Amino acid sequence: MVNAMDESASLPAFPRPKVLVVDDQALNIRLLHELLRADCDVYMATSGSQALELARSLMLDLILLDVVMPDVDGHEVCRRLKADPLTQAIPVIFITAQQEMADEVKGFELGAVDFITKPINPVTVKARVRTHIALKQQADMLKRIALVDGLTGIANRRRFDEAFTIFWRQSQRDQTPLSLILFDVDFFKRYNDRYGHQAGDQCLIAIANAAKSALHRPNDVIARYGGEEFACILPNTDSNGGASVASKILENICAQAIEHRDAPPRCIVTVSLGVATLRIFPEATPESLIKVADEQLYKAKVAGRSRFEAIAL
Ligand code: GH3
Ligand code: MG
Ligand code: MG
């Protein structure tokens with residue numbers, strides 16, 4: 001698919017779209033594959049259950065779904081796709097030989113975005129596929145922009161708040177520890193004053209990257225919490241783990257040795273960190289864990305900066 005974004009240097013181009021074609025007749029699949037393969041990566045499923053499996057693993061942009069199939073029919077596949085948070089945002093277009101009004105109504109009620117009737121008209125199919133892929137990719141990009149920090153590319157505060165609530169609940173439910181790290185750049189006002197605001201921004205990018213490489217588990221989240229403050233959520237991580245990540249973040253940032261002549265004695269950019277770990281503590285709230293981590297961060301500042309302080313609740 002040609003998209004206008006390709007011409008813009010400042011915006012990332014959309015990746016090649018992924019479309020799943022689901023039909024129990026191999027001939028129909030082949031037809032659609034021929035039609036779409038120039039513009040999309042086309043995946044194929046010949047049964048409802050196979051379609052559901054692929055949809056969960058492929059990060060699809062669109063599903064073309066036959067209604068009448070022997071095992072799980074198209075309506076049921078659609079119902080299950082829309083009930084699963086992992087697949088509910090994938091647009092579904094029904095492809096059907098039945099031109100019954102009632103079927104269309106049912107399809108839309110189940111969350112389909114469009115209908116194509118067999119025998120298919122190549123021009124119609126291409127146009128509709130193109131439209132729905134464009135809508136899906138724009139929605140994805142908006143979602144991404146809404147949750148990513150524009151300067152550093154890590155999660156923003158909104159994403160942090162969302163993720164923290166989710167991991168907090170999970171830790172309470174599963175009775176697993178949860179660690180939170182807050183950290184703040186040392187003497188950053190002086191850095192801006194001496195090197196300028198643009199250099200300050202570059203410094204924040206370098207700090208975000210250095211800190212990010214200290215996190216290794218797929219569920220760990222690093223976010224820009226405020227101007228020069230960052231936060232890490234470490235699910236299923238006890239106080240030893242929290243301390244070891246904090247120490248690694250500090251080490252990675254120091255290893256960059258970014259000159260900061262007004263931060264004696266080492267004259268490099270450093271951070272101070274506060275770690276709070278939640279074990280089992282019925283009275284704790286998400287806010288209280290943040291407050292405690294912030295208190296630890298303050299302690300680290302008072303104790304001389306470029307260090308971390310940790311506590312377990
Ligand atoms: P401390 O070691 O106690 O943290 O001292 P500090 O100077 O880092 O703390 P303070 O809170 O006094 O100053 C924070 C500075 O961070 C002030 C502000 O100009 C700078 N800052 C905040 N956000 C940004 C940003 O997005 N870009 C740049 N360049 N600077 C920022
Ligand atoms: Mg600060
Ligand atoms: Mg600071």
Side-chain angles (χ1 to χ4, degrees), residues 10-12 141-164 179-215 220-234 242-277 287-311:
S10 57
L11 286 169
M141 180 174 272
L142 285 178
K143 211 180 292 170
R144 217 187 86 80
I145 290 169
L147 298 176
V148 169
D149 174 54
L151 178 68
T152 59
I154 61 176
N156 65 11
R157 176 64 178 268
R158 186 191 305 210
R159 167 89 186 103
F160 170 87
D161 289 340
E162 234 179 64
F164 191 54
S179 288
L180 174 70
I181 302 176
L182 291 183
F183 65 97
D184 178 289
V185 188
D186 295 328
F187 301 122
F188 198 51
K189 188 175 177 319
R190 292 184 200 169
Y191 187 90
N192 275 302
D193 289 348
R194 180 185 277 266
Y195 300 98
H197 206 266
Q198 277 197 331
D201 284 355
Q202 291 308 310
C203 182
L204 292 176
I205 295 171
I207 286 170
N209 288 333
K212 195 163 68 179
S213 58
L215 305 182
D220 293 346
V221 175
I222 177 160
R224 183 145 174 234
Y225 191 71
E228 36 106 48
E229 279 176 44
F230 297 84
C232 303
I233 309 167
L234 309 172
S244 115
V245 173
S247 159
K248 186 73 187 147
I249 290 173
L250 184 57
E251 187 187 315
N252 284 0
I253 291 168
C254 289
Q256 298 209 323
I258 303 168
E259 183 193 275
H260 187 349
R261 269 183 271 162
D262 296 316
R266 293 172 71 191
C267 293
I268 58 169
V269 170
T270 58
V271 295
S272 300
L273 310 92
V275 189
T277 300
E287 295 74 31
S288 66
L289 196 65
I290 293 174
K291 184 165 170 282
V292 170
D294 201 36
E295 284 162 8
Q296 296 303 302
L297 164 56
Y298 182 71
K299 259 174 79 178
K301 290 278 184 192
V302 172
R305 296 178 171 82
S306 188
R307 70 194 62 214
F308 71 88
E309 295 285 339
I311 197 168

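Remember, it's 1-based here, ligands and their atoms both numbered in the order they're listed. Only a predicted model underlies this, so the values are computations on that prediction, with no experimental measurement involved.
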Heavy-atom contacts with [X] under 4.0 Å: which atoms of ligand 1 show up? List them by number with element.
{"X": "Lys301", "value": "1 (P), 2 (O), 3 (O), 4 (O)"}
{"X": "Gly200", "value": "29 (N)"}
{"X": "Gly227", "value": "22 (C), 23 (N)"}
{"X": "Asp186", "value": "2 (O)"}

Open item on the list: Evaluate Leu204 for polar contact with ligand 1, using N/O atom pairs at a separation under 3.5 Å.
Closed with: no
Open item on the list: Can you confirm, on distance only, whether ligand 1 has an N/O atom lying under 3.5 Å from any N/O atom belonging to Arg190?
Closed with: no
- [ ] Determine, using heavy atoms of Arg224 and all atoms of ligand 1, whether some pair is separated by less than 4.0 Å.
- [x] yes
Open item on the list: Test of understanding: given a 4.0 Å heavy-atom threshold, classify the contact between Arg305 and ligand 1 as side chain, backbone, both, or neither.
Closed with: side chain
Task: Under-4.0 Å heavy-atom contact with ligand 1, by part of Asp201 that carries it - done: both
Look at [X] and state whether any of its N, O or S atoms is less than 2.8 Å from the Mg ion (ligand 3).
{"X": "Glu228", "answer": "yes"}
{"X": "Phe188", "answer": "no"}
{"X": "Asp184", "answer": "yes"}

Open item on the list: Under 3.5 Å, is there a donor on one side chain and an acceptor on the other for Asp184 and Ser272?
Closed with: no
- [ ] Please list, chain by chain and in numerical order, all residues satisfying side-chain hydrogen bond (donor to acceptor under 3.5 Å, both in side chains) with Arg157, sequence neighbours excluded.
- [x] Asp161, Tyr225
Task: Qualifying residues under side-chain hydrogen bond (donor to acceptor under 3.5 Å, both in side chains), relative to Asp262, sequence neighbours excluded - done: Arg194
Task: Student check: side-chain heavy atoms of Val148 and Arg159 closer than 4.5 Å - done: no
Task: Any Phe183 side-chain heavy atom under 4.5 Å of Thr270 side chain - done: no
TODO: Work out which heavy atom in Thr277 is nearest to a heavy atom in Leu289; give both atom names and the distance.
DONE: C-CD1, 4.2 Å
Open item on the list: Looking at Lys291 and Glu295, is any side-chain nitrogen of the basic one under 4.0 Å from a carboxylate oxygen of the acidic one?
Closed with: yes
Task: Leu151, Val302, Asn192: member with heavy atom nearest to atom 20 (C) of ligand 1 - done: Asn192
Open item on the list: Other residues, nucleotides and ligands only: do more than 12 of their heavy atoms fall within 6.0 Å of OH on Tyr195?
Closed with: yes
